Amino acid sequence: MQPWPGGAEDSHSAGHAELILYWFRQALARKPTKMPVSPESALSDVSHPSSPDSPPSLGSSSEVSPIPAPSHGSADGGGGSGNSGNSSGGRWSKDYDVCVCHSEEDLAAAQELVSYLEGGAASLRCFLQLRDATPGGAIVSELCHALSSSHCRVLLITPGFLRDPWCRYQMLQALSEAPGAEGRTIPLMSGLSRAAYPAELRYMYFVDGRGPEGGFRQVKEAVMRYLQTLG
């Protein structure tokens, strides 16, 4: 194949370059067509450019509002009607602070204990079956509801408690409601020797009901310690 003569080759190269330059100028002169921009896409376009390693930014429709943490009631029980706003957690997540389990013959001692716990600055909320159970409610369902609705359970263990099959049911139900939860089930032993202490509670320390206060102060302190762990 013969080479182009010098003049023709130069003329062809110059014409080719002028054609390329012409089309390049035409491309620069054209204005890009703008797409309609919605407010949602505008917000996302203004955001900082994301790298492949960074998570995608959220648009306005996916905005996550912070959820305020619930404030908890104070341990002194003061709150009154304002406690309804704190029902989502802490002490006010349950209806009662203490459920007192006792035999029928120990009702007077149970009432004395409840009066002590509810009095003073602590103002603990107590469940006493004969006082607080719903009239007409089934005994078993009322008891189970009281146990599940209470932070702590006090077992008033006496000779009458051990003789009563219903009290044994209360004890086993209290243990099943909170297995292994330290500080929630508090045995208060009164009028019994250590040898008579129920075998089901041998892994728990008990409050000795002997003495001028009958162990009431120790029970209240144990309940208050547990309530303080709730925040």
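Computed from a predicted model, the values in this text were never measured in an experiment. When reading the values below, keep in mind they use all heavy atoms of this one structure, side chains included, and skip hydrogens, waters and symmetry mates.
Interatomic distance, D106 CG to F161 CZ, rounded to the nearest 0.5 Å: 9.5 Å. Remark: I186 CD1 to I157 CD1 distance equals 11.5 Å, nearest 0.5 Å. Atom CG of residue D97 and atom OH of residue Y226 lie 11.0 Å apart, to the nearest 0.5 angstrom. With rounding to the nearest 0.5 angstrom, the CG atom of L107 is 11.0 Å from the CZ atom of R131. To the nearest 0.5 Å, atoms NZ (K220) and SG (C152) are separated by 14.0 Å. Separation of atoms CG (L147) and CZ (R153) is listed at 5.5 Å; rounding is to 0.5 Å.
Using a 4.5 Å cut-off between side-chain heavy atoms of Ile, Leu, Val, Met, Phe, Trp and Tyr, with links allowed through other members, V100 and Y96 fall into different hydrophobic clusters. With hydrophobic clusters built from ILVMFWY side chains whose heavy atoms lie under 4.5 angstrom apart, L143 does not share a cluster with L128.
Counting all heavy atoms, side chain and backbone alike, A109 lies closest to L156 at CB-CD2, 4.0 Å. Heavy atoms only, all atoms of each residue included: A174 and T185 are closest at O-OG1, 4.0 Å. Scanning both residues, F127 and D132, for their nearest heavy atoms gives CA-OD2, 3.4 Å. Taking each heavy atom of R184 and H151 in turn, the nearest pair found is NE-O, 2.7 Å. Shortest non-hydrogen contact noted between M204 and Y197 is O-OH, 3.3 Å. Of all heavy-atom pairs between A122 and M224, the closest is CB-SD, 4.0 Å.
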Begin with the C-alpha distance, continue with both residues' side-chain angles, and end with the deciding distance and a verdict on side chain to side chain contact (heavy atoms under 4.5 Å, CB included) for L130 and Q111.
CA-CA 10 Å; L130 293 181; Q111 289 175 327; over 6 Å; no

Start with the C-alpha gap between L155 and Q170, add the side-chain angles, then the distance that decides, and say whether side chain to side chain contact (heavy atoms under 4.5 Å, CB included) holds.
CA-CA 9 Å; L155 306 178; Q170 294 181 68; 5.6 Å; no

What verdict does the side chain to side chain contact (heavy atoms under 4.5 Å, CB included) test give for Q218 and E213, after you've listed the backbone C-alpha separation in whole Å, the side-chain angles of each residue and the deciding distance to 0.1 Å?
CA-CA 9 Å; Q218 289 177 272; E213 294 180 349; over 6 Å; no

Run the numbers on L124 and V223 for side chain to side chain contact (heavy atoms under 4.5 Å, CB included), then give the verdict.
CA-CA 9 Å; L124 296 175; V223 174; 3.9 Å; yes

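At distances below 3.5 Å, at least one donor-acceptor pair connects side-chain atoms of S148 with backbone N or O atoms of H145. Of the possible donor and acceptor atoms, none in the side chain of R91 sits under 3.5 Å from a partner among the backbone N and O of L230. Looking only at distances, no side-chain donor or acceptor of Y169 sits under 3.5 Å from a matching main-chain atom of Q173.
With a 4.5 Å cut-off on side-chain heavy atoms, P159 and L192 count as touching. Taking the side chain as every heavy atom from C-beta outward, W166 and V140 approach each other to under 4.5 Å. Taking the side chain as every heavy atom from C-beta outward, V98 and V219 never approach each other to under 4.5 Å.
Under the 3.5 Å distance criterion, with hydrogens and angles disregarded, no donor-acceptor pair is assigned to the side chains of D164 and S103.
Surrounding CD of E105 are more than 12 heavy atoms belonging to other residues, nucleotides or ligands, all under 6.0 Å away. By the 6.0 Å contact criterion, CZ on R194 is open, its count of non-hydrogen atoms from other residues, nucleotides or ligands being 12 or less.
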